[in-house]
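Below: one structure, written as structure tokens.
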Amino acid sequence: MSNIPDLKGRSFTLSVLHLSDNQVDTTVDFLKQKTEQAPAFFANAPIVLNIDKVVGDIDFAMLKNGILEAGFVPVGITGCRDKRCQTEAFNAGFAVMTASNTPLQAPAPMTPTKIIRTPIRSGQQVYAKDGDLVILNHVSPGAEVIADGSIHIHGTLRGRAIAGASGQKEARIICHDLQAELVSIAGNYWLSDQIDGEFWQKKVMLSLSEESLYFELLTI
């Protein structure tokens, strides 16, 4: 067996924060609020900054320190309009990223559905890799259920549900009683205070439409 490191390409789902202006304090305050709302989800989470819409110079060093202070890990900057911007971001310690124009890799083969019959208790995490997850019970506050495919919960969802964890935008979340702390599909997430009361404590299906979560009441 060779002891030489091997460098391979790999895809990961990263949160991308789209900045609308160059006000670093506003951005940092926003990230701190997110960390306070869901520390288990956002603590030490990698994040990429998209500055495509920003007009004016950005203090990249101040921005990086603020992101770290908020509890996130700054990975890179995308949307730089010129070489000077790229150089300043790089000198501050950001990777300079560009959107890939290469074809996407074929998705990994899906594995059989993972079925859990017992309640998911606070502090527990269940992950269905390369497949769907079915919970035939409740998900307690502080618990987390994750699937690369879709998630079906035949009980009350009070914890966090993260579907499409590897980027599958076709994933769905279906639950019989929505009281979630957080729901996410392919990196797009809503916290409990963002969920319209119309869907609270109802049987719903969540999908992704134009990079935003779409909620649908189920009547059967």
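Position 1 is the first residue of the sequence; numbering continues from there.
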Just say parallel, tilted or perpendicular for the rings of His176 and His154, cut-offs at 30° and 60°.
tilted
Yes or no on side chain to side chain contact (heavy atoms under 4.5 Å, CB included) for Lys202 and Phe215, after CA distance, side-chain angles and deciding distance?
CA-CA 11 Å; Lys202 300 292 178 58; Phe215 289 70; over 6 Å; no
Can a donor-acceptor pair be found, under 3.5 Å and without considering hydrogens, that links the side chain of Arg172 to the backbone of Glu170?
yes
Is it true that atom CZ of Phe90 has more than 12 heavy atoms of other residues, nucleotides or ligands lying nearer than 6.0 Å?
no
What I'd like to find out is whether the side chain of Leu31 reaches to under 4.5 Å of the side chain of Ile47, using heavy atoms alone.
yes
Check the pair Val55, Asp21 against side chain to side chain contact (heavy atoms under 4.5 Å, CB included), reporting the backbone distance first and the verdict last.
CA-CA 6 Å; Val55 176; Asp21 56 42; over 6 Å; no
Any donor-acceptor N/O pair, Asn137 side chain to Arg117 backbone, under 3.5 Å
yes
Would you please test Ser212 and Asn188 for side chain to side chain contact (heavy atoms under 4.5 Å, CB included) and show each step?
CA-CA 7 Å; Ser212 180; Asn188 297 269; over 6 Å; no
Under the criterion side-chain contact (heavy atoms from CB on, under 4.5 Å), which of Leu133, Ile153, Val145, Val139 is the partner of Ile116?
Leu133
Quick check against the 3.5 Å criterion: does Thr78 have a side-chain atom that pairs as donor or acceptor with the backbone of Asn50?
no
Can we say Arg84 and Asp57 salt-bridge, meaning some charged N sits less than 4.0 Å from an Asp/Glu carboxylate O?
yes
Determine yes or no for a side-chain-to-main-chain donor-acceptor pair under 3.5 angstrom, with Glu181 supplying the side chain and Pro141 the backbone.
no
So, Asp132 side chain and Thr113 main chain: donor-acceptor pair closer than 3.5 Å or not?
no
Would you confirm whether Thr35, through its side chain, and Ala70, through its main-chain N or O, come within 3.5 Å as a donor-acceptor pair?
yes
Are the side chains of Lys114 and Lys129 in touch, meaning some heavy atoms are under 4.5 Å apart?
no
When you compare the side chain of Lys64 with that of Phe60, does any pair of heavy atoms fall below 4.5 Å?
no
Test your reading of the model: is there a side-chain donor-acceptor pair from Thr156 to the backbone of Gln179, 3.5 Å cut-off?
no
Keeping Gln194 on the side-chain end and Leu191 on the backbone end, is there a donor-acceptor pair under 3.5 Å?
yes
Does a side-chain heavy-atom distance below 4.5 Å link Met62 with Asp25?
yes
So, does Ser150 use its side chain to make a donor-acceptor pair with the main chain of Ala171 at under 3.5 Å?
no
Take Leu178 and Val183 through the test side chain to side chain contact (heavy atoms under 4.5 Å, CB included) and record every step on the way to the result.
CA-CA 10 Å; Leu178 179 65; Val183 287; 4.3 Å; yes
